[in-house]
Amino acid sequence: MINKFLSDKLKAISFLLMVMVVFLHSYNLEIKFTTGSGLIEKGYNSFIQDLISQGVTRIAVPLFFIISGYLFFLSFKNSSLTEFFSKYKKRSKTIVLPYLLWSIYGILLYLVLQLIPFSKPFFTNELIVDYSVNQLLNRIFINPIPYQLWFLRDLIVLIIFSPILYWLIKYFKFYIISIFLITWFFQLNYLIFSNEALLFFALGAFFSIKKINIQKTKVKKRNVIFSIIWISLIIIKTSLVYLNFENEWLIKILHKSSILIGIISIWLIYDVIFKKTDIAKTKYYQLFQYTFFLYAFHEPVLTIFKKAFYYILGQSELSSLLIYISVPLVTIFVSILIGFITRKIIPKYYYLMTGGR
(Lines give C-alpha, C1' and ligand atoms only; values in the text may rest on other atoms or scores of the structure.)
Protein backbone atom coordinates (compact mmCIF):
# COMPACT_ATOMS: atom_id res chain seq x y z
CA MET A 1 0.00 0.00 0.00
CA ILE A 2 1.03 3.60 -0.56
CA ASN A 3 1.58 5.74 2.52
CA LYS A 4 0.61 9.42 2.72
CA PHE A 5 4.10 10.71 1.99
CA LEU A 6 4.41 8.71 -1.24
CA SER A 7 0.85 9.57 -2.28
CA ASP A 8 1.53 13.30 -1.89
CA LYS A 9 4.90 12.89 -3.57
CA LEU A 10 3.37 11.24 -6.63
CA LYS A 11 0.76 14.00 -6.91
CA ALA A 12 3.34 16.79 -6.58
CA ILE A 13 5.83 15.24 -8.99
CA SER A 14 3.07 14.44 -11.51
CA PHE A 15 1.96 18.08 -11.55
CA LEU A 16 5.58 19.24 -11.98
CA LEU A 17 6.04 16.78 -14.83
CA MET A 18 2.86 18.06 -16.47
CA VAL A 19 4.17 21.62 -16.34
CA MET A 20 7.34 20.29 -17.98
CA VAL A 21 5.26 18.70 -20.74
CA VAL A 22 3.56 22.02 -21.48
CA PHE A 23 6.95 23.73 -21.85
CA LEU A 24 8.19 20.81 -23.94
CA HIS A 25 5.30 21.39 -26.34
CA SER A 26 5.92 25.14 -26.35
CA TYR A 27 9.00 24.59 -28.53
CA ASN A 28 8.47 26.99 -31.43
CA LEU A 29 11.59 27.35 -33.57
CA GLU A 30 9.39 26.43 -36.52
CA ILE A 31 5.78 27.51 -36.80
CA LYS A 32 3.43 26.48 -39.62
CA PHE A 33 0.68 28.54 -41.19
CA THR A 34 -1.33 27.91 -44.35
CA THR A 35 0.83 30.56 -46.05
CA GLY A 36 4.05 28.68 -45.21
CA SER A 37 6.45 27.89 -42.36
CA GLY A 38 8.45 30.33 -40.29
CA LEU A 39 11.89 29.18 -39.14
CA ILE A 40 13.74 31.02 -36.35
CA GLU A 41 17.51 31.26 -36.82
CA LYS A 42 19.93 29.75 -34.32
CA GLY A 43 20.88 32.03 -31.42
CA TYR A 44 20.31 32.56 -27.69
CA ASN A 45 16.64 31.71 -28.15
CA SER A 46 17.28 28.33 -29.79
CA PHE A 47 19.86 27.48 -27.10
CA ILE A 48 17.38 28.20 -24.28
CA GLN A 49 14.54 26.32 -25.96
CA ASP A 50 16.76 23.31 -26.69
CA LEU A 51 18.11 23.36 -23.13
CA ILE A 52 14.60 23.15 -21.68
CA SER A 53 12.44 21.35 -24.25
CA GLN A 54 15.11 18.97 -25.56
CA GLY A 55 16.80 18.61 -22.18
CA VAL A 56 15.20 19.31 -18.81
CA THR A 57 11.62 18.40 -19.75
CA ARG A 58 12.56 15.12 -21.45
CA ILE A 59 12.30 13.25 -18.15
CA ALA A 60 8.55 13.96 -17.89
CA VAL A 61 7.09 11.26 -20.15
CA PRO A 62 9.44 8.46 -18.98
CA LEU A 63 8.67 9.21 -15.33
CA PHE A 64 4.93 9.29 -16.07
CA PHE A 65 5.24 5.79 -17.55
CA ILE A 66 7.22 4.61 -14.51
CA ILE A 67 4.50 5.89 -12.19
CA SER A 68 1.79 4.28 -14.36
CA GLY A 69 3.53 0.90 -14.38
CA TYR A 70 4.19 1.04 -10.65
CA LEU A 71 0.60 1.87 -9.74
CA PHE A 72 -0.90 -0.66 -12.16
CA PHE A 73 0.85 -3.65 -10.58
CA LEU A 74 1.01 -2.34 -7.01
CA SER A 75 -2.04 -4.14 -5.58
CA PHE A 76 -1.48 -7.47 -7.33
CA LYS A 77 -1.54 -10.47 -4.98
CA ASN A 78 -1.55 -13.66 -7.06
CA SER A 79 -1.61 -12.26 -10.63
CA SER A 80 -4.73 -14.23 -11.50
CA LEU A 81 -6.86 -13.53 -14.56
CA THR A 82 -9.50 -12.15 -12.19
CA GLU A 83 -7.05 -9.51 -10.99
CA PHE A 84 -6.12 -8.53 -14.53
CA PHE A 85 -9.76 -8.31 -15.64
CA SER A 86 -10.51 -6.20 -12.58
CA LYS A 87 -7.70 -3.85 -13.63
CA TYR A 88 -9.01 -3.79 -17.21
CA LYS A 89 -12.46 -2.80 -15.99
CA LYS A 90 -11.10 0.00 -13.84
CA ARG A 91 -8.73 1.33 -16.51
CA SER A 92 -11.54 1.35 -19.09
CA LYS A 93 -13.11 4.11 -17.01
CA THR A 94 -9.95 5.95 -16.01
CA ILE A 95 -8.01 5.74 -19.29
CA VAL A 96 -9.98 4.38 -22.28
CA LEU A 97 -13.11 6.51 -21.85
CA PRO A 98 -11.20 9.78 -21.28
CA TYR A 99 -9.01 8.96 -24.30
CA LEU A 100 -12.04 8.65 -26.57
CA LEU A 101 -13.84 11.68 -25.13
CA TRP A 102 -10.81 13.98 -25.47
CA SER A 103 -10.09 12.63 -28.95
CA ILE A 104 -13.64 13.51 -30.06
CA TYR A 105 -13.34 16.89 -28.33
CA GLY A 106 -10.24 17.67 -30.43
CA ILE A 107 -12.09 16.91 -33.66
CA LEU A 108 -15.09 19.03 -32.68
CA LEU A 109 -12.87 21.94 -31.59
CA TYR A 110 -10.95 21.95 -34.87
CA LEU A 111 -14.17 21.61 -36.84
CA VAL A 112 -15.61 24.73 -35.22
CA LEU A 113 -12.40 26.75 -35.57
CA GLN A 114 -11.99 25.74 -39.23
CA LEU A 115 -15.48 27.05 -39.96
CA ILE A 116 -14.61 30.50 -38.59
CA PRO A 117 -13.05 32.72 -41.32
CA PHE A 118 -10.64 34.46 -38.91
CA SER A 119 -9.15 31.28 -37.43
CA LYS A 120 -9.24 29.08 -40.55
CA PRO A 121 -5.86 30.37 -41.93
CA PHE A 122 -4.09 29.03 -38.83
CA PHE A 123 -4.77 25.42 -39.85
CA THR A 124 -2.27 23.70 -42.15
CA ASN A 125 -3.73 20.21 -42.19
CA GLU A 126 -6.68 18.92 -44.17
CA LEU A 127 -10.03 20.29 -43.06
CA ILE A 128 -12.20 18.10 -40.83
CA VAL A 129 -15.16 18.46 -43.20
CA ASP A 130 -13.05 16.83 -45.95
CA TYR A 131 -12.16 13.77 -43.87
CA SER A 132 -13.09 10.35 -45.18
CA VAL A 133 -14.57 7.77 -42.82
CA ASN A 134 -11.17 6.07 -42.48
CA GLN A 135 -9.45 9.39 -41.70
CA LEU A 136 -12.07 10.20 -39.09
CA LEU A 137 -11.71 6.80 -37.40
CA ASN A 138 -7.93 7.18 -37.46
CA ARG A 139 -8.22 10.57 -35.77
CA ILE A 140 -10.48 9.18 -33.07
CA PHE A 141 -8.71 5.91 -32.26
CA ILE A 142 -5.10 6.09 -33.47
CA ASN A 143 -3.81 9.62 -34.06
CA PRO A 144 -5.96 12.12 -32.14
CA ILE A 145 -5.76 15.82 -32.87
CA PRO A 146 -4.69 16.41 -29.23
CA TYR A 147 -1.44 14.60 -30.05
CA GLN A 148 -0.43 14.25 -26.39
CA LEU A 149 -3.02 11.48 -26.17
CA TRP A 150 -0.43 9.14 -27.70
CA PHE A 151 0.65 8.57 -24.09
CA LEU A 152 -2.77 7.12 -23.18
CA ARG A 153 -2.91 5.18 -26.44
CA ASP A 154 0.42 3.45 -25.70
CA LEU A 155 -0.60 2.97 -22.09
CA ILE A 156 -3.81 1.22 -23.15
CA VAL A 157 -1.88 -1.20 -25.36
CA LEU A 158 0.66 -1.90 -22.61
CA ILE A 159 -2.14 -2.62 -20.16
CA ILE A 160 -3.72 -5.05 -22.61
CA PHE A 161 -0.42 -6.93 -22.77
CA SER A 162 0.25 -6.56 -19.03
CA PRO A 163 -0.12 -10.31 -18.26
CA ILE A 164 2.74 -11.05 -20.67
CA LEU A 165 4.80 -8.22 -19.22
CA TYR A 166 4.13 -9.50 -15.71
CA TRP A 167 5.37 -12.97 -16.67
CA LEU A 168 8.51 -11.59 -18.35
CA ILE A 169 9.43 -9.47 -15.33
CA LYS A 170 8.66 -12.20 -12.81
CA TYR A 171 10.81 -14.84 -14.50
CA PHE A 172 13.48 -12.83 -16.32
CA LYS A 173 13.72 -10.08 -13.68
CA PHE A 174 16.06 -7.21 -14.51
CA TYR A 175 17.41 -9.00 -17.58
CA ILE A 176 14.26 -8.16 -19.51
CA ILE A 177 14.52 -4.53 -18.38
CA SER A 178 18.06 -4.50 -19.77
CA ILE A 179 16.77 -5.68 -23.14
CA PHE A 180 14.11 -2.95 -23.14
CA LEU A 181 16.83 -0.45 -22.20
CA ILE A 182 18.86 -1.45 -25.27
CA THR A 183 15.87 -1.06 -27.59
CA TRP A 184 15.21 2.38 -26.10
CA PHE A 185 18.80 3.50 -26.49
CA PHE A 186 19.03 2.35 -30.10
CA GLN A 187 15.48 3.60 -30.80
CA LEU A 188 14.19 0.23 -32.01
CA ASN A 189 10.50 0.97 -32.06
CA TYR A 190 7.73 -1.58 -31.80
CA LEU A 191 4.72 -1.45 -34.07
CA ILE A 192 2.08 -1.03 -31.37
CA PHE A 193 3.87 1.14 -28.80
CA SER A 194 7.07 3.13 -28.46
CA ASN A 195 10.31 1.79 -26.97
CA GLU A 196 10.12 4.61 -24.42
CA ALA A 197 6.67 3.53 -23.25
CA LEU A 198 7.68 -0.12 -22.89
CA LEU A 199 10.95 0.49 -21.03
CA PHE A 200 9.67 2.89 -18.42
CA PHE A 201 6.27 1.26 -17.88
CA ALA A 202 8.11 -2.04 -17.39
CA LEU A 203 10.55 -0.37 -15.00
CA GLY A 204 7.68 0.90 -12.86
CA ALA A 205 6.10 -2.56 -13.04
CA PHE A 206 9.42 -4.09 -11.95
CA PHE A 207 9.43 -1.97 -8.77
CA SER A 208 5.91 -3.19 -7.91
CA ILE A 209 6.25 -6.84 -8.87
CA LYS A 210 9.59 -7.23 -7.08
CA LYS A 211 8.26 -5.32 -4.04
CA ILE A 212 11.03 -2.73 -4.17
CA ASN A 213 10.43 -0.10 -1.51
CA ILE A 214 10.24 3.40 -3.01
CA GLN A 215 8.09 4.86 -0.21
CA LYS A 216 10.77 7.22 1.02
CA THR A 217 14.42 7.53 0.21
CA LYS A 218 17.09 8.34 2.76
CA VAL A 219 17.49 12.09 2.85
CA LYS A 220 21.12 12.95 2.27
CA LYS A 221 22.61 16.18 1.05
CA ARG A 222 24.73 14.31 -1.46
CA ASN A 223 21.53 13.39 -3.27
CA VAL A 224 21.81 16.87 -4.78
CA ILE A 225 24.81 15.63 -6.76
CA PHE A 226 22.43 13.84 -9.14
CA SER A 227 20.81 17.17 -9.99
CA ILE A 228 24.20 18.75 -10.65
CA ILE A 229 25.21 15.89 -12.94
CA TRP A 230 21.82 15.98 -14.68
CA ILE A 231 21.93 19.70 -15.48
CA SER A 232 25.61 19.48 -16.46
CA LEU A 233 24.89 16.73 -18.99
CA ILE A 234 22.04 18.76 -20.47
CA ILE A 235 24.21 21.89 -20.79
CA ILE A 236 27.03 19.93 -22.43
CA LYS A 237 24.68 18.20 -24.87
CA THR A 238 22.87 21.42 -25.77
CA SER A 239 26.18 23.23 -26.31
CA LEU A 240 27.42 20.50 -28.64
CA VAL A 241 24.20 20.62 -30.66
CA TYR A 242 24.43 24.42 -30.82
CA LEU A 243 28.02 24.15 -32.11
CA ASN A 244 26.95 21.57 -34.73
CA PHE A 245 29.09 18.85 -33.18
CA GLU A 246 29.13 15.94 -35.64
CA ASN A 247 29.49 12.98 -33.27
CA GLU A 248 25.84 11.90 -33.05
CA TRP A 249 26.64 8.93 -30.80
CA LEU A 250 28.13 11.15 -28.12
CA ILE A 251 25.11 13.44 -28.23
CA LYS A 252 22.79 10.44 -27.99
CA ILE A 253 24.70 9.04 -25.00
CA LEU A 254 24.55 12.42 -23.26
CA HIS A 255 20.83 12.74 -24.01
CA LYS A 256 19.84 9.25 -22.83
CA SER A 257 22.08 9.47 -19.77
CA SER A 258 20.60 12.84 -18.80
CA ILE A 259 17.10 11.34 -18.89
CA LEU A 260 18.02 8.41 -16.62
CA ILE A 261 19.93 10.58 -14.16
CA GLY A 262 17.25 13.27 -14.31
CA ILE A 263 14.57 10.78 -13.24
CA ILE A 264 16.65 9.77 -10.23
CA SER A 265 17.41 13.42 -9.49
CA ILE A 266 13.76 14.51 -9.39
CA TRP A 267 12.83 11.55 -7.21
CA LEU A 268 15.59 12.23 -4.69
CA ILE A 269 15.52 16.02 -4.64
CA TYR A 270 11.83 15.99 -3.65
CA ASP A 271 12.71 14.29 -0.38
CA VAL A 272 15.52 16.77 0.25
CA ILE A 273 13.20 19.77 -0.25
CA PHE A 274 10.06 18.42 1.45
CA LYS A 275 11.51 16.14 4.13
CA LYS A 276 9.94 18.26 6.90
CA THR A 277 6.96 19.65 4.99
CA ASP A 278 3.43 18.31 4.75
CA ILE A 279 2.80 19.34 1.16
CA ALA A 280 -0.92 18.65 1.58
CA LYS A 281 -1.11 21.73 3.82
CA THR A 282 0.47 24.08 1.28
CA LYS A 283 -1.52 26.52 -0.84
CA TYR A 284 -0.57 24.94 -4.17
CA TYR A 285 -1.64 21.42 -3.19
CA GLN A 286 -5.12 22.05 -4.63
CA LEU A 287 -3.57 22.52 -8.08
CA PHE A 288 -2.44 18.91 -8.18
CA GLN A 289 -5.99 17.66 -8.72
CA TYR A 290 -5.98 19.31 -12.17
CA THR A 291 -2.92 17.46 -13.48
CA PHE A 292 -4.88 15.14 -15.78
CA PHE A 293 -7.17 17.93 -17.02
CA LEU A 294 -4.09 20.04 -17.82
CA TYR A 295 -2.61 17.07 -19.69
CA ALA A 296 -5.71 16.51 -21.81
CA PHE A 297 -6.70 20.15 -22.34
CA HIS A 298 -3.40 21.93 -23.00
CA GLU A 299 -3.27 20.82 -26.63
CA PRO A 300 -4.42 21.99 -29.11
CA VAL A 301 -4.98 25.14 -26.99
CA LEU A 302 -1.21 25.68 -26.63
CA THR A 303 -0.66 25.47 -30.40
CA ILE A 304 -3.52 27.90 -31.03
CA PHE A 305 -2.01 30.39 -28.57
CA LYS A 306 1.44 30.00 -30.15
CA LYS A 307 0.14 30.80 -33.62
CA ALA A 308 -1.98 33.68 -32.35
CA PHE A 309 0.97 35.22 -30.48
CA TYR A 310 3.19 34.85 -33.56
CA TYR A 311 0.49 36.53 -35.61
CA ILE A 312 0.49 39.48 -33.15
CA LEU A 313 4.21 39.74 -32.32
CA GLY A 314 5.70 38.71 -35.65
CA GLN A 315 8.51 36.23 -36.27
CA SER A 316 11.81 37.13 -34.62
CA GLU A 317 14.26 35.62 -32.17
CA LEU A 318 12.96 37.77 -29.31
CA SER A 319 9.27 37.13 -30.05
CA SER A 320 9.97 33.39 -30.28
CA LEU A 321 11.54 33.39 -26.81
CA LEU A 322 8.77 35.53 -25.32
CA ILE A 323 6.17 33.20 -26.79
CA TYR A 324 8.07 30.15 -25.54
CA ILE A 325 7.98 31.47 -21.97
CA SER A 326 4.60 33.21 -21.85
CA VAL A 327 2.34 30.84 -23.81
CA PRO A 328 2.86 27.84 -21.45
CA LEU A 329 2.07 30.05 -18.44
CA VAL A 330 -1.09 31.37 -20.12
CA THR A 331 -2.07 27.84 -21.19
CA ILE A 332 -1.57 26.41 -17.70
CA PHE A 333 -3.61 29.22 -16.15
CA VAL A 334 -6.45 28.90 -18.69
CA SER A 335 -6.46 25.09 -18.42
CA ILE A 336 -6.71 25.09 -14.63
CA LEU A 337 -9.35 27.84 -14.74
CA ILE A 338 -11.46 25.92 -17.28
CA GLY A 339 -10.95 22.76 -15.24
CA PHE A 340 -12.07 24.51 -12.05
CA ILE A 341 -15.18 25.98 -13.72
CA THR A 342 -16.09 22.68 -15.40
CA ARG A 343 -15.66 20.81 -12.12
CA LYS A 344 -17.98 23.25 -10.33
CA ILE A 345 -20.67 23.64 -12.99
CA ILE A 346 -20.84 20.19 -14.58
CA PRO A 347 -19.05 17.81 -12.18
CA LYS A 348 -20.40 14.64 -13.84
CA TYR A 349 -18.95 15.71 -17.20
CA TYR A 350 -15.65 16.59 -15.52
CA TYR A 351 -15.64 13.20 -13.80
CA LEU A 352 -16.04 11.38 -17.13
CA MET A 353 -13.43 13.49 -18.92
CA THR A 354 -10.81 12.92 -16.22
CA GLY A 355 -11.59 9.32 -15.40
CA GLY A 356 -12.77 10.19 -11.91
CA ARG A 357 -9.59 12.04 -10.97
Angle class for the H25/Y147 ring planes (parallel below 30°, perpendicular above 60°, tilted otherwise)? perpendicular

Run the ring pair (Phe, Tyr, Trp, His ring centres under 6.0 Å) test on F293 and Y290 for me, step by step, so that the C-alpha distance in whole Å, both residues' side-chain angles and the decisive distance to 0.1 Å come before the verdict. CA-CA 5 Å; F293 190 88; Y290 297 105; 7.3 Å; no

Side-chain touch Y310/N28, heavy atoms, less than 4.5 angstrom: yes

Just verifying a value: how many Å separate I159 CD1 and F84 CZ, rounded to the nearest 0.5 Å? 11.0 Å

If hydrophobic clusters are built from ILVMFWY residues whose side chains come within less than 4.5 Å, do L158 and I164 share one? yes

Taking a hydrophobic cluster as the set of Ile, Leu, Val, Met, Phe, Trp and Tyr residues connected by side-chain heavy atoms closer than 4.5 Å, whether directly or through intermediates, do I264 and I253 fall within one such cluster? no

Return the orientation label for the W249 and F185 ring planes: parallel under 30°, perpendicular over 60°, tilted otherwise. parallel

How long is the straight-line distance from CD1 of I176 back to CG of L203, given to the nearest 0.5 Å? 13.0 Å

A quick test of your reading: do over 12 heavy atoms of other residues, nucleotides or ligands sit less than 6.0 Å from OH of Y351? no

Check whether more than 12 heavy atoms from other residues, nucleotides or ligands sit under 6.0 Å from atom NZ of K210, and answer yes or no. yes

Please check this pair: side chain of S257 against backbone of L254, looking for a donor-acceptor N/O pair closer than 3.5 Å. no

Considering non-hydrogen atoms only, spot the tightest contact between L149 and Y295 and give its length. CA-OH, 3.2 Å

Would you say the side chain of I304 lies within less than 4.5 Å of the side chain of L113, judging by non-hydrogen atoms? yes

Looking only at heavy atoms, which two atoms of G355 and T94 are closest? And how far apart? O-CG2, 3.4 Å

Would you say the side chain of M353 lies within less than 4.5 Å of the side chain of F292, judging by non-hydrogen atoms? no

Same cluster for L329 and I312 if Ile/Leu/Val/Met/Phe/Trp/Tyr side chains link at under 4.5 Å? yes

Does E41 offer a backbone N or O that forms a donor-acceptor pair with the side chain of S46 under 3.5 Å? no

With clusters defined by side-chain heavy atoms of hydrophobic residues (ILVMFWY) lying less than 4.5 Å apart, directly or transitively, does F65 cluster with L24? no

Do you know which two heavy atoms are closest between P163 and Y88, and how far apart they sit? CD-OH, 3.2 Å

Is there a donor-acceptor pair under 3.5 Å between the side chain of S208 and the backbone N or O of A205? no

Under 3.5 Å donor-acceptor, S26 side chain and F23 backbone: no

Please confirm whether the backbone N or O of R139 pairs with a side-chain atom of S103, one donor and one acceptor, at under 3.5 Å? yes

Using a 4.5 Å cut-off on heavy atoms from C-beta on, say whether the side chain of M20 contacts that of L17. yes

Within 6.0 Å of NZ in K281, more than 12 heavy atoms from elsewhere: no

Parallel, tilted or perpendicular for F72 and F201, by the 30°/60° rule? tilted

Going by atom types only, do Y131 and N138 share a side-chain donor-acceptor pair under 3.5 Å? no

CA sep, side-chain torsions, deciding dist, call: Y44, F47, ring pair (Phe, Tyr, Trp, His ring centres under 6.0 Å): CA-CA 5 Å; Y44 64 86; F47 184 87; over 10 Å; no

In terms of side-chain heavy atoms, does T183 have a donor or acceptor partner in N195 at a distance below 3.5 Å? no

Take atom NZ of K252 as the centre, draw a 6.0 Å sphere, and report whether it contains more than 12 heavy atoms from other residues, nucleotides or ligands. yes

Supply the atom-to-atom distance W184 CH2 to L199 CG, rounded to the nearest 0.5 angstrom. 6.5 Å

Distance-only, no hydrogens or angles: does the S7 side chain make a donor-acceptor pair with backbone N or O of N3 under 3.5 Å? no

Taking every heavy atom of V61 against every heavy atom of E196, the minimum-distance pair comes out as CG1-OE1, 3.6 Å

Is the ring pair W167/Y171 parallel, tilted or perpendicular, if the boundaries are 30 and 60 degrees? tilted

Mind running ring pair (Phe, Tyr, Trp, His ring centres under 6.0 Å) on F76 and F73 for me, showing each step along the way? CA-CA 6 Å; F76 272 63; F73 288 97; 5.3 Å; yes

Side chain to side chain, V21 and F64, heavy atoms closer than 4.5 Å: yes

Measuring from atom NZ of K11 to atom CZ of F288, what distance do you get when rounded to the nearest 0.5 angstrom? 9.5 Å

Hey, is the main chain of N143 close enough, under 3.5 Å, to the side chain of R153 for a donor-acceptor pair? no

When rounded to the nearest 0.5 angstrom, what distance separates CZ in R91 from CD1 in I156? 11.5 Å

Can you tell me if K87 uses its side chain to pair, donor with acceptor, with the backbone of T82 under 3.5 Å? no

Minimum heavy-atom separation for S14 and T291, please, with both atom names. O-CG2, 3.7 Å

Check whether more than 12 heavy atoms from other residues, nucleotides or ligands sit under 6.0 Å from atom CZ of F340, and answer yes or no. no

Kindly list each side-chain donor-acceptor pair under 3.5 angstrom involving residues 230-245, sequence neighbours excluded, with atom names and distances?
{"residue": "W230", "atom": "NE1", "partner": "S258", "partner atom": "O", "Å": "3.3"}
{"residue": "S232", "atom": "OG", "partner": "I228", "partner atom": "O", "Å": "2.7"}
{"residue": "K237", "atom": "NZ", "partner": "Q54", "partner atom": "O", "Å": "2.6"}
{"residue": "K237", "atom": "NZ", "partner": "H255", "partner atom": "ND1", "Å": "3.4"}
{"residue": "T238", "atom": "OG1", "partner": "I234", "partner atom": "O", "Å": "2.7"}
{"residue": "S239", "atom": "OG", "partner": "I235", "partner atom": "O", "Å": "2.7"}
{"residue": "N244", "atom": "OD1", "partner": "K42", "partner atom": "NZ", "Å": "2.8"}

Strictly distance-based, threshold 3.5 Å: is any side-chain N or O of Q315 a donor or acceptor partner for the main-chain N or O of I40? no

Is it the case that one hydrophobic cluster holds both L188 and I192, taking links as side-chain heavy atoms less than 4.5 Å apart, direct or via other members? no

Relative to each other, are the rings of W102 and Y105 parallel, tilted or perpendicular (30° and 60° limits)? perpendicular

State, without any angle test, whether K306 and Y324 hold a side-chain donor-acceptor pair at a distance under 3.5 Å. no

Side chains of Y99 and P144: closer than 4.5 Å at any heavy-atom pair? yes

Side-chain donor/acceptor of Q135 to backbone N/O of S132, under 3.5 Å: yes

Is it the case that over 12 heavy atoms from other parts of the model lie below 6.0 angstrom from the NZ atom of K4? yes

One pair to check against ring pair (Phe, Tyr, Trp, His ring centres under 6.0 Å): F5 and F274. What are the steps and the verdict? CA-CA 10 Å; F5 181 84; F274 297 104; 8.9 Å; no

Atom pair CD1/CG of I145 and L108 - distance to nearest 0.5 Å: 9.0 Å

Is there a side-chain contact between F15 and Q289 (heavy atoms, below 4.5 Å)? no

